[in-house]
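One structure is given here, and the rest of the page talks about it.
Naming convention: chains lettered A, B, ... in sequence-line order (proteins, then strands); numbering from 1 in each chain.
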Amino acid sequence: APPEWDWRKKGAVTKVKDQGMCGSCWAFSVTGNVEGQWFLKEGTLLSLSEQELLDCDKMDKACLGGLPSSAYMAIKSLGGLETEDDYKYLGHMEACNFSEEKVKVYINDSVDLSQNEQKLAAWLAKKGPISVAINAFGMQFYRHGIARPLRPLCSPWFIDHAVLIVGYGNRSDIPFWAIKNSWGTDWGEEGYYYLHRGSGACGVNTMATSAVVN
Amino acid sequence: RPVKPRAADSEAWELAPLELLEPARFALEMYNRGRAAGKRAMLGAVRGRVRRAGEGSLYSLEATLEETPCNDPTVCQLPVSKKTLLCSFEILDELGKHILLRRDCGPVDTKVTDNRNWTLNSFLPLLNKDSFPQDFSVKMTSVFKEFVTTYNRTYDSKEETQWRLTVFARNMVRAQKIQALDRGTAQYGVTKFSDLTEEEFHTIYLNPLLREKHSKMHPATSVNDP
């Protein structure tokens, strides 16, 4: 992997979104990944609809939570994703209003990524932002800097939040992952969370996945 | 060994205090092993979760331990101050036999260098005292007012406001503990979620389904190109 990488600087990442009072992080993590994959294949950055997943992905539970792996399957079986503008985010489940004619993006497949963080970094630099799930310990009060909670407090067994890795690097020799969250820009570092890289902090390496666009 | 159905196995449950007693006592016993009688730590607050699989249970505990640094009253300077430690334990209980897998303890006292307005430096002494200093509520009320203004909070009644202030104050102490236990450069403090209880935050914003095993997809091919 290159020593550092940031997909934000390459135009592959949409602005930070806000899931509101709804446990829909899984949808934001997945759309963020698909936005990146589409950008890398087609050269166009489109902001994609999380609400479509809340309403139409019947394998997941909208605001009560979901799994990225099921969301990829739902996107495949629905036929793709509409844009944010065409299918706006409401932050609560509504009847499915999906329209095939409005689909702007499709995916062909989805893959599980390595748990080795060096390999994850290499994959990210070449292939795009990665959907991951983490233990959100401490994030309620996180303001800035690189988080590295003690492992027992932030165990990989208690994964409860899905986010998007958009880059990595070092700050004063401390390796970090740059993580796009979905709690608005008035949280963290303009909506981003920086987590220690290389130590499996908060289970960041346990559920790394991506969509595949051919 | 036969394994129970997954749904009953994998979920990590927040435990009631009574259920924590046995693993917490074991953790304390392990901590005190080899210490002279007067130097043994005492158990403070405990909370934790358990994850059960087959006939085993893995307990993840977070506990405060109180240590008295001086055990000889004839030579101690009075008053003897207690040292509070925040510990994390992972204990495996297999067929009634406990095994300590992990122990991390550290003093709940650390230097914090946050120069922003909402620094928690002024509340640090809280962590080593049994009761709050007298000016605590005055300071906390002022920080809470700033929070309400910044995040445009409105509460339904005076009672609700008072309750949120209480939650906020507790959260400031929690944030400080988290700060003390972070080994990176992160700063913790007031955020837009500071008036929510831990339970509210988990229920509203987090995603318990992620603890379920996700369906397997193809493994991605490694990236080997320079």
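Looking only at heavy-atom pairs under 4.5 Å with chain B, the residue among Pro68(A), Gly66(A), Cys63(A), Ala133(A) that has the most is Gly66(A). When each of Phe176(A), Trp183(A), Trp26(A) is checked for heavy-atom pairs under 4.5 Å with chain B, Trp183(A) comes out on top. Heavy-atom pairs under 4.5 Å with chain B peak, among Thr206(A), Ile159(A), Val212(A), Thr209(A), at Ile159(A).
With respect to Tyr142(A), the ring pair (Phe, Tyr, Trp, His ring centres under 6.0 Å) criterion is satisfied by exactly one of Tyr194(A), Tyr193(A), Tyr192(A): Tyr193(A). For the side-chain contact (heavy atoms from CB on, under 4.5 Å) with Thr197(B), the qualifying choice from Thr203(B), Asn171(B), Thr166(B), Val167(B) is Val167(B), the only one to do so.
Contacts between residues 10-21 of chain A and chain B, counted as heavy-atom pairs separated by less than 4.5 Å, involve Asp18(A), Gln19(A), Gly20(A), Met21(A). Scanning residues 105-118 of chain A against chain B with a 4.5 Å heavy-atom cutoff picks out Asp109(A), Ser110(A), Val111(A), Asp112(A), Leu113(A), ordered by number.
Residues Ser88(B) and Glu62(B) have side chains that never bring a donor and an acceptor to within less than 3.5 angstrom of each other.
Heavy atoms closer than 4.5 Å to chain A are found in both the backbone and the side chain of Leu196(B). Both the backbone and the side chain of Leu150(A) come within contact range of chain B, with heavy atoms under 4.5 Å apart. Within the 4.5 angstrom heavy-atom criterion, only side-chain atoms of Arg102(B), from C-beta onward, approach chain A. Leu64(A) touches chain B through its backbone: at least one of N, CA, C or O sits under 4.5 Å from a heavy atom, while the side chain does not. Interface remark: Ser194(B) contributes backbone and side-chain atoms alike to the contact with chain A (heavy atom separation under 4.5 Å). Heavy atoms closer than 4.5 Å to chain B are found nowhere in His196(A), neither backbone nor side chain. Contacts between Cys25(A) and chain B at a heavy-atom distance below 4.5 Å involve the side chain alone, from C-beta outward. Heavy atoms of Tyr205(B) lying under 4.5 Å from chain A belong to its backbone as well as its side chain. Using a 4.5 Å cut-off between heavy atoms, Ala136(A) touches chain B through its side chain atoms alone.
Within 6.0 Å of NZ in Lys145(B) there are 12 or fewer heavy atoms belonging to other residues, nucleotides or ligands. Atom CZ of Arg171(A) has more than 12 heavy atoms from other residues, nucleotides or ligands within 6.0 Å.
Sorted by first then second residue, the disulfide (SG to SG under 2.5 Å) pairs that include residues 159-190 of chain A, not counting sequence neighbours, number zero.
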Give the C-alpha distance, both sets of side-chain angles, the deciding distance and a yes or no for side-chain contact (heavy atoms from CB on, under 4.5 Å) between Phe26(B) and Tyr59(B).
CA-CA 11 Å; Phe26(B) 173 75; Tyr59(B) 292 92; over 6 Å; no
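The aromatic rings of Phe147(B) and Tyr151(B) lie tilted to each other, with the angle between the two planes from 30° to 60°.
Electrostatic pairing of Arg164(B) and Glu200(B) counts as a salt bridge here, judged by a charged N lying under 4.0 Å from a carboxylate O. With respect to Arg143(A) and Glu189(A), no salt bridge is recorded, no charged nitrogen being found less than 4.0 Å from a carboxylate O. Salt-bridge formation is not detected for the pair Asp182(B)/Arg148(A): no Lys NZ or Arg NE/NH1/NH2 atom is positioned less than 4.0 Å from an Asp or Glu carboxylate oxygen.
For the pair Asn207(B) (side chain) and Asp160(A) (backbone), a donor-acceptor distance under 3.5 Å is absent. Looking at Asn32(B), its side chain does come within 3.5 Å of a backbone N or O of Ala41(B) through a donor-acceptor pair. In terms of modelled atom types and a separation under 3.5 Å, the side chain of Arg153(B) and the main chain of Lys192(B) share a donor-acceptor contact.
Remark: Leu43(B) engages Ala24(B), Leu28(B), Val46(B), Ala63(B), Leu65(B) in a side-chain contact (heavy atoms from CB on, under 4.5 Å) (not counting sequence neighbours).
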